[in-house]
There are 2 protein chains.
Amino acid sequence: MKLKIIIKKEESFMPWRDGTGPPWLEGKFKGCGFRLTVPRQAILDVLAGTAEHLSAEDIYLKVHKVHPAIGLTTVYRTLELLVQSGMVFKFDFGDGRARYELSENPKGIGHHHHLVCTRCRRIIDYQDFIDEEKDLLQKTERGLSKKYDFHITHHVIQFYGVCRECLGC
Amino acid sequence: MKLKIIIKKEESFMPWRDGTGPPWLEGKFKGCGFRLTVPRQAILDVLAGTAEHLSAEDIYLKVHKVHPAIGLTTVYRTLELLVQSGMVFKFDFGDGRARYELSENPKGIGHHHHLVCTRCRRIIDYQDFIDEEKDLLQKTERGLSKKYDFHITHHVIQFYGVCRECLGC
DNA sequence: CTTGATAATGATTTTCAGTTTCATTATAAT
DNA sequence: ATTATAATGAAACTGAAAATCATTATCAAG
Ligand SMILES: [Mn+2]
Ligand SMILES: [Mn+2]
Ligand SMILES: [Zn+2]
Ligand SMILES: [Zn+2]
């Protein structure tokens, strides 16, 4: 039963994951077999309107203020949908819950990596060094793809340590 | 109460985390306020004797075969101890459970990164490209440390995608 | 070897993020 | 309007991980 569901989803995602379909970052569900409903729009709005790394419950609470009828279950389901479709990244920063971030912020920062403070759980986005990283990263990805026959879709780079605030005490 | 415990632990770890104490990778707990007990030794043995990425329960089951009295609770506690002390890395590869790996395998591979197949959850270790990565990584870490006053202790680099086996079907 | 202080253990209970279930509702095509 | 199907949400459930707490192991002093 679980397998069945997974297969169904992966087939559904094909249209836009293989580069043929349009990415829908602000209202383009249709044509992919998905419906852009009020709950989904609301969840996307929350994600697009924050610079934080929100958990499912964080998102639910923010959505709830505007649309009290929308349930936590729908938030979880929509997030899974967005993650599987590549629109949203799901992160584990070491506290007990997953955190979500728009993979391509429409009017903001784009791809970036993270510094994670293991003391206070603060997260720092950084982009500054990505330009220098980019070449090697692409080179590495090409090398790995060839060597292991592995089709890379995305990567996660996180530096763990102690932040400024936690050091100065 | 929770804060109290955390403070206690961090103080306990200081001796060897700050470079002054010896790393105990096969029987060096003492002198750090910790005791190398039978359960802890058994858990370390399991970690040292595998190339897989075991979950807490995996470790428990393997330990259980030799020492049926050792409980899952102790496995969790010991793993947390080892992670906090830097001897073991804790990973989230996207299935529901944490996976653990000796950070410095005594007689085997050392630091490496991961390819994670999002279809079948297979994990591929790779070291081949780390040499080329090392320079930039250190450079990046230095830059980040300076810019954000962030003391980096370790990093996690994971490439996500589809593995050979899952592609060929 | 005792003894006493404390660290470690493990059975049990509890927590809580995330998932399933299922009856109801919204959506879109005809 | 009719129909088929996708989406929703309240409620029940799951399971990895953490907390409790009485018991046991470890070690240093005497
Ligand atoms: Mn971020
Ligand atoms: Mn590994
Ligand atoms: Zn911090
Ligand atoms: Zn695979």
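In what follows, chains carry the letters A, B, and so on, assigned in the order in which the sequence lines appear, proteins first and then strands, with residues in each chain numbered from 1.
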>> Short of 4.0 Å, heavy atom to strand atom, which residues of residues 63-77 of chain A count as contacting DNA chain C?
In response: Thr73(A), Tyr76(A), Arg77(A)
Examine the side chains of [X] and [Y] and answer whether a donor and an acceptor come within less than 3.5 Å of each other.
X         : Y         : value
His64(B)  : Glu57(B)  : no
His114(B) : Gln158(B) : no
Asp125(A) : His53(A)  : yes

> Do Leu81(A) and Arg40(A) pass the side-chain contact (heavy atoms from CB on, under 4.5 Å) test, and can you show the C-alpha distance, the side-chain angles, and the key distance before you say yes or no?
Replying inline: CA-CA 10 Å; Leu81(A) 203 70; Arg40(A) 287 171 176 177; 3.7 Å; yes
Would you mind reading off the distance between [X] atom [atom1] and [N] atom [atom2], rounded to a whole angstrom?
X        : N       : atom1 : atom2 : result
Tyr60(A) : dA10(D) : OH    : P     : 7 Å
Leu36(A) : dA6(D)  : CG    : C1'   : 14 Å
Glu80(A) : dG18(C) : CD    : P     : 12 Å
Phe34(A) : dA7(D)  : CZ    : C1'   : 11 Å
Gln41(B) : dA7(C)  : CD    : P     : 21 Å
Asp58(A) : dC16(C) : CG    : P     : 15 Å
Ile43(B) : dT9(C)  : CD1   : P     : 7 Å
Leu81(B) : dT9(C)  : CG    : C1'   : 13 Å

>> With clusters defined by side-chain heavy atoms of hydrophobic residues (ILVMFWY) lying less than 4.5 Å apart, directly or transitively, does Ile152(A) cluster with Ile157(A)?
In response: yes
>> Between Asp58(A) and Arg99(A), does any NZ, NE, NH1 or NH2 come within less than 4.0 Å of an OD or OE carboxylate oxygen?
In response: yes
> Which nucleotide in the set dA16(D), dA17(D), dA8(C) lies at the smallest distance from any side-chain heavy atom of Arg35(B)?
Replying inline: dA8(C)
> OP1 or OP2 of dT26(D) sitting under 4.0 Å from any side-chain N/O of Thr37(B)?
Replying inline: no
> If only side-chain N and O atoms of Arg40(B) are considered, is one of them under 4.0 Å from the OP1 or OP2 phosphate oxygen of dA8(C)?
Replying inline: yes
> Nearest 0.5 Å, what's the CG-CG distance between Leu137(B) and Leu136(A)?
Replying inline: 9.0 Å
> Could you walk me through whether Cys117(A) and Phe150(B) pass the side-chain contact (heavy atoms from CB on, under 4.5 Å) check?
Replying inline: CA-CA 8 Å; Cys117(A) 179; Phe150(B) 195 96; 4.2 Å; yes
>> Counting only heavy atoms and a strict 4.0 angstrom limit, can you tell me which residues of residues 91-101 of chain A come near DNA chain D?
In response: none
>> Can you confirm if the aromatic rings of His154(B) and His111(B) lie within a centre distance of less than 6.0 Å?
In response: no
